[in-house]
Amino acid sequence: MWRLKVGEGSSNRMLRSTNGHVGRQVWEFDPAADDPEEVAAVEAARLEYTNNRHQIKNSSDLLMRMQFAKSNTLKMNLPPVKLQEHGSPTKEDVLISLKRATSRYSTLQAHDGHWPGDYAGTLFLLPGLIIALYVTQALKTVLTSEHQKEIRRYLYNHQNEDGGWGLHIQGTSTMFCSVMNYVALRLLGEGLDSNGALLQARNWILVHGGATLTPSWGKFFLSVLGVYDWSGNNPMPPELWMVPHFMPIHPGRMWCNCRLVYLPMSYLYGKRFVGATTTIVLDLRKELYNVPYDDINWDKARNGCAKEDLYYPHSRMQDILWASLKKIGEPVLMHWPGSKLREKALETVMKHIQYEDETTQYICIAPLNKVIYFFCIFFITTTGYWKLISRR
């Protein structure tokens, strides 16, 4: 049975807090839970949600509500106000309705004062975490078998009827999230020979052109995993972080969430970092493409994007810029003496990454840049890596 733990963490020396962990919420599995009525209620709720997942896609934090219903009982139970058709509410009717609403809302408040809630909806965040943990060889250490079971359940519950996954739980299928969630399920041990939903997902990917048509963020994660070649990415030069800040192209002038995603991406691009080539990585190279992996034209794949994911096409000028950086800039920066500048740029980027870790107490600004930090920090400092993990 899963329990929502609130405001805990003082026993973990890796965690830092300036407020006593107020607002911290973590789901933990309690193997000792044996209340048959509670277990039956949870299983019934899961079954009902799964059976209606294509009509009602938001879980409404139902398991949390069931838990709080026991610990946070209603302080008042006023009768509902029923108005006749075309009737007008009195002052007393409005007051009773407001009291009923606030009383009900108070039952969803945690004991430390905050209102917990699920950070859900976006369907590329969880797969990014799975890939990061797999590449850093911590998947089974960080995620118990019960965690992995619930992650698989979540991903399958939000798979669209056509086999793909949308950018969010309400969205139509996209190549980006279809590829990311397919890869996540394969890394979690799901096999093609035992699950029709996964076969359907692979078919959606191949029918829509294969993983070479995933957008840039998908290309990035696949490259780090080792199932997509770095030469199939448009350049993300870390040297941009060394230009004077007054220049318009300095990443510091970007929106904060944007620049802090491309910050670690530029580090890994500059390093051309690739995880270990495992059996599952070799299998994914065969499963995600319509042509043999070794025959893929990676230069052509750089600008490939499925129509389902294309919001705004590249301009001609943008394509010329990418091509120039790729064919002229990168060869210079990858070889001496240009490689000296690349090394300096990577050092600068790493300082920015470690600075954000320290100033945010290893929470980071958002979940996406945080999981990319996992890759960057893993080979730099073991302590820093586990501090990031502890604040997941």
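Residue numbers count from 1 along this sequence. As the structure is a prediction and not an experimental result, all values here were calculated from the model.
- No side-chain donor-acceptor contact under 3.5 Å links S59 to the backbone of L62.
- Residues I365 and M350 share a hydrophobic cluster, clusters being chains of Ile/Leu/Val/Met/Phe/Trp/Tyr side chains in contact below 4.5 Å.
- Cation-pi contact between R153 and Y156: absent, since separation from the ring centre below 6.0 Å together with deviation from the ring axis within 45° is not met.
- A donor and an acceptor atom, one from each side chain of N233 and S223, are located under 3.5 Å apart.
- Counting only distance, with no hydrogens or angles, the side chain of K387 and the backbone of T382 share no donor-acceptor pair below 3.5 Å.
- Under the 3.5 Å distance criterion, with hydrogens and angles disregarded, a donor-acceptor pair is assigned to the side chains of N369 and E356.
- Within a 6.0 Å radius of CZ in R104, no more than 12 heavy atoms belonging to other residues, nucleotides or ligands are found.
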Evaluation steps, side-chain hydrogen bond (donor to acceptor under 3.5 Å, both in side chains), between Y362 and W386: CA-CA 10 Å; Y362 290 86; W386 286 105; over 6 Å; no
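- You'll find the side chain of E150 reaches within 4.5 Å of the side chain of R46, heavy atoms only.
- The closest side-chain donor-acceptor pair between Y134 and T278 falls under 3.5 angstrom.
- Side-chain N or O atoms of N297 include one that pairs as donor or acceptor with a backbone N or O of K300 at under 3.5 Å.
- Surrounding CD of E8 are more than 12 heavy atoms belonging to other residues, nucleotides or ligands, all under 6.0 Å away.
- Salt-bridge formation is detected for the pair E38/R3: a Lys NZ or Arg NE/NH1/NH2 atom is positioned less than 4.0 Å from an Asp or Glu carboxylate oxygen.
- Using a cutoff of 4.0 Å between basic side-chain nitrogens and carboxylate oxygens, R272 and E330 are scored as salt-bridged.
- Considering only heavy atoms from C-beta on, H250 comes within 4.5 Å of V243 through its side chain.
- If you take CG on L213 and CD1 on I205, they are separated by 11.5 Å, rounding to the nearest 0.5 Å.
- Considering only heavy atoms from C-beta on, H147 stays 4.5 Å or farther from W27 through its side chain.
- Between D319 and R302 there is no salt bridge, since none of the side-chain N atoms of the basic residue sits less than 4.0 Å from a carboxylate O of the acidic one.
- Between L225 and L284 the shortest side-chain heavy-atom distance falls below 4.5 Å.
- Under the 4.5 Å side-chain heavy-atom criterion for ILVMFWY residues, a single connected hydrophobic cluster contains both V291 and V179.
- No side-chain heavy atom of V224 sits less than 4.5 Å from a side-chain heavy atom of V274.
- Nearest heavy atoms, V42 versus M66: N-CE, 3.8 Å.
- Judged by distance alone, the side chain of H21 and the main-chain N or O of R24 form no donor-acceptor pair under 3.5 Å.
- Note: the hydrophobic cluster containing F29 does not contain I389 (ILVMFWY, side chain heavy atoms under 4.5 Å, direct or indirect links).
- Rounding to the nearest 0.5 Å places CG of N181 at 10.0 Å from OG of S173.
- The environment of K57 atom NZ is dense: over 12 non-hydrogen atoms of other residues, nucleotides or ligands sit within 6.0 angstrom.
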Could you go through F68 and L4, starting from their C-alpha distance and side-chain angles, then the distance that decides it, and tell me whether this counts as side-chain contact (heavy atoms from CB on, under 4.5 Å)? CA-CA 9 Å; F68 280 14; L4 183 63; 4.2 Å; yes
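- The existence of a salt bridge linking E190 and R152 is confirmed by a sub-4.0 Å separation between a basic side-chain nitrogen and an acidic carboxylate oxygen.
- Rounded to the nearest 0.5 angstrom, H111 NE2 and S71 OG are separated by 9.0 Å.
- A salt bridge links D299 to K327: at least one charged side-chain nitrogen sits closer than 4.0 Å to a carboxylate oxygen.
- Using bins of under 30°, 30° to 60° and over 60° for the plane-to-plane angle, the ring pair Y289/Y228 lands in the tilted bin.
- Y154 and H158 have perpendicular rings, their planes meeting at more than 60° on a 0 to 90° scale where under 30° would count as parallel.
- Residues M236 and M334 fall into different hydrophobic clusters, defined by Ile, Leu, Val, Met, Phe, Trp and Tyr side chains chained together at heavy-atom separations under 4.5 Å.
- Remark: aromatic rings of W241 and H352 are close, center separation under 6.0 Å.
- Residue-environment remark: CG (L98) exceeds the threshold of 12 foreign heavy atoms within 6.0 Å.
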Steps toward side-chain contact (heavy atoms from CB on, under 4.5 Å) verdict (D93, T90): CA-CA 5 Å; D93 291 336; T90 64; 3.2 Å; yes
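- Looking only at side-chain heavy atoms (C-beta outward), L108 and P116 stay at 4.5 Å or farther from each other.
- More than 12 heavy atoms of other residues, nucleotides or ligands shown are found within 6.0 angstrom of CD on E43.
- The distance from atom NZ of K326 to atom CG of N303, rounded to the nearest 0.5 Å, is 11.0 Å.
- Without hydrogens or angle criteria, N51 side chain to L47 main chain gives a donor-acceptor distance under 3.5 Å.
- Closest approach of A184 and I130 over heavy atoms only: O-CG2, 3.9 Å.
- One N or O on the side chain of W165 and one on the backbone of L155 form a donor-acceptor pair closer than 3.5 Å.
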Would R16 and E358 count as a salt bridge (Lys or Arg N to Asp or Glu O under 4.0 Å) if you check the C-alpha gap in whole Å, the side-chain angles of each, and the deciding distance to 0.1 Å? CA-CA 10 Å; R16 299 181 185 179; E358 289 292 330; 3.0 Å; yes
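- F176 is linked by a ring-ring contact (aromatic ring centres under 6.0 Å, His included) to F124, counting only residues two or more places apart in sequence or in another chain.
- One hydrophobic cluster holds both L133 and L125 under the rule that ILVMFWY side chains link at heavy-atom gaps under 4.5 Å.
- For the atom pair CG of L206 and CG of L288, the computed distance is 7.5 Å after rounding to the nearest 0.5 Å.
- Residue-environment remark: NE2 (H335) stays at or below the threshold of 12 foreign heavy atoms within 6.0 Å.
- Smallest separation of non-hydrogen atoms from L388 and C364: CD2-SG, 3.7 Å.
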Using side-chain contact (heavy atoms from CB on, under 4.5 Å), reason through R285 and L282 one step at a time and then give a plain yes or no. CA-CA 5 Å; R285 289 180 181 181; L282 294 175; 3.9 Å; yes
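- Using modelled atom types, one finds no donor on one side chain facing an acceptor on the other under 3.5 Å when comparing Q109 with Y105.
- Taking F378 as the reference, Y385 meet the ring-ring contact (aromatic ring centres under 6.0 Å, His included) condition, with sequence neighbours excluded.
- For R259 (side chain) and R253 (main-chain N/O), no donor-acceptor pair under 3.5 Å exists by modelled atom type.
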As a quick check of understanding, evaluate side-chain contact (heavy atoms from CB on, under 4.5 Å) for F374 and L129, giving each step before the final call. CA-CA 9 Å; F374 286 0; L129 173 64; 3.6 Å; yes
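- Looking at T212 and I296, their side chains come closer than 4.5 Å, going by heavy atoms from C-beta outward.
- With respect to R186 and E287, a salt bridge is recorded, a charged nitrogen being found less than 4.0 Å from a carboxylate O.
- Taking every heavy atom of both residues into account, S390 and L15 meet most closely at O-CD2, 3.2 Å.
- Note that the CG atom of L268 and the CZ atom of F221 stand 9.5 Å from one another [nearest 0.5 Å].
- Under the 4.5 Å side-chain criterion, counting only non-hydrogen atoms from C-beta, Q67 is not in contact with L63.
- Put simply, the side chain of D61 never gets that close to the backbone of G117: no donor and acceptor are under 3.5 Å apart.
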